[in-house]
Amino acid sequence: MIKPIIAANWKMHKTVAESVDFSQRLAKECEGLEEREVIIAPPATALYAVSQVLKGSTVQLSAQNMHWEEKGAFTGEISAPMLADMGCQYILIGHSERRTLFGETNETVNKKLQAALKFGIKPIVCVGETLEQRESEATFDIIKKQVKEGLNNISTGDIECVSIAYEPVWAIGTGKTATPELAEEVHRFIREILSSEFGEDAGIGTAIMYGGSVTPQNIGELMDKPNINGALVGGASLDVTSFTGIIRY
Ligand code: PGA
């Protein structure tokens with residue numbers, strides 16, 4: 001049984017002070033809450049301050065992006081060991097905004113994944129089709145390519161540290177959630193790919209979150225589906241009350 005994971009992706013929102021205030025309130029809300037894995041991904045500027053607030057809390061810290069090299073002449077970039085040093089346990093890799101706005105490919109996703117694993121940071125690999133791809137019935141081909149190429153050359157041991165987030169691009173920030181049935185169909189398909197690539201244990205044991213306009217109102221019906229193990233939440237994670245409502249669905 002996979003413990004439900006509820007992860008907040010704040011994107012480019014919140015100052016350090018706002019991030020600290022949110023984290024303090026969230027940590028209080030999550031005291032004693034053992035039946036959920038709660039993760040927040042603040043902007044890089046707030047990671048260190050938030051890591052200090054979350055010490056001793058069950059809430060886990062994630063970064064939103066990183067470079068695959070350890071160090072070097074990469075102006076503006078942050079490496080996996082730097083994130084580990086700041087106390088990050090998770091990293092979002094291949095979010096659709098990174099893919100469409102910043103040229104991330106399945107190949108760079110894979111490089112980042114390898115680097116994160118090397119430094120003990122658990123990757124949350126984001127996959128998802130665009131509206132155009134869905135309408136042209138390319139969804140399953142696209143998802144298969146993103147999963148297979150993104151997870152290329154990962155050992156069966158390392159796959160245990162990896163989670164997947166299925167985020168249909170047309171559902172992100174649009175208010176259009178995938179129906180639970182549609183999401184479940186893709187989640188089941190991802191699980192089949194994991195099984196055939198990494199063995200049955202990986203197929204059964206890998207957490208697959210859904211992302212795209214998740215709210216306190218729709219989380220329950222999504223989580224009712226057997227292959228949906230959690231949610232990656234953008235807009236509705238920016239407010240503590242709304243995010244807590246999702247955590248306590
Ligand atoms: P949303 O974003 O919840 O605002 O749709 C989800 C995401 O981009 O991870």
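Values reported hereafter were calculated over all heavy atoms of this structure, with side chains retained and with hydrogens, waters and symmetry mates removed. Along the sequence shown, residues carry numbers from 1. Please read these numbers as outputs of a predicted model, since none were measured by experiment. Counting starts at 1 for both ligands and their atoms, in listed order.
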Student: Is ligand 1 less than 4.0 angstrom away from at least one heavy atom of S213?
Tutor: yes
Student: Let me know which of I143, L151, I208 forms a side chain to side chain contact (heavy atoms under 4.5 Å, CB included) with V127.
Tutor: I143
Student: What is the ring orientation for F22 with W10, classed by angle as parallel under 30°, tilted 30 to 60°, or perpendicular over 60°?
Tutor: perpendicular
Student: With rounding to the nearest 0.5 angstrom, report the CG to NZ distance, N152 to K111.
Tutor: 12.5 Å
Student: Record the part of N9 in heavy-atom contact with ligand 1 below 4.0 Å; permitted values are side chain, backbone, both and neither.
Tutor: side chain
Student: What do you reckon, does G212 put a non-hydrogen atom under 4.0 Å from ligand 1?
Tutor: yes
Student: Inspect the surroundings of NZ in K148 and state if more than 12 heavy atoms from other residues, nucleotides or ligands are less than 6.0 Å away.
Tutor: no
Student: Flag the pair E34 and K3 as a salt bridge only when some basic side-chain nitrogen lies within less than 4.0 angstrom of an acidic carboxylate oxygen.
Tutor: no
Student: Which residue supplies the protein heavy atom nearest to atom 3 (O) of ligand 1, what is that atom called, and how far is it?
Tutor: G234 N, 2.8 Å
Student: Measuring from non-hydrogen atoms of A171 to any atom of ligand 1, is the shortest distance under 4.0 Å?
Tutor: yes
Student: Could you say whether the N/O atoms of G211 and ligand 1 ever approach to under 3.5 Å?
Tutor: no
Student: Looking at G235, which atoms of ligand 1 are within less than 4.0 Å of one of its heavy atoms?
Tutor: 1 (P), 3 (O), 4 (O)
Student: Which atoms of ligand 1 have any heavy atom of H95 under 4.0 Å away?
Tutor: 7 (C), 8 (O), 9 (O)
Student: Looking at non-hydrogen atoms alone, which of M209, E167, K176 comes nearest to atom 7 (C) of ligand 1?
Tutor: E167
Student: Apply the side chain to side chain contact (heavy atoms under 4.5 Å, CB included) test between F140 and each candidate in K145, E129, E185; give the one that qualifies.
Tutor: E185
Student: Would one find an N or O of T174, backbone or side chain, under 3.5 Å from an N or O of ligand 1?
Tutor: no
Student: Between E70 and K118, does any NZ, NE, NH1 or NH2 come within less than 4.0 Å of an OD or OE carboxylate oxygen?
Tutor: yes
Student: Counting only heavy atoms from other residues, nucleotides and ligands, does the tally under 6.0 Å from CD of E35 exceed 12?
Tutor: yes
Student: Below 4.0 angstrom from a heavy atom of G173, which ligand 1 atoms are there? Numbered from 1 as shown, please.
Tutor: 1 (P), 4 (O), 5 (O)
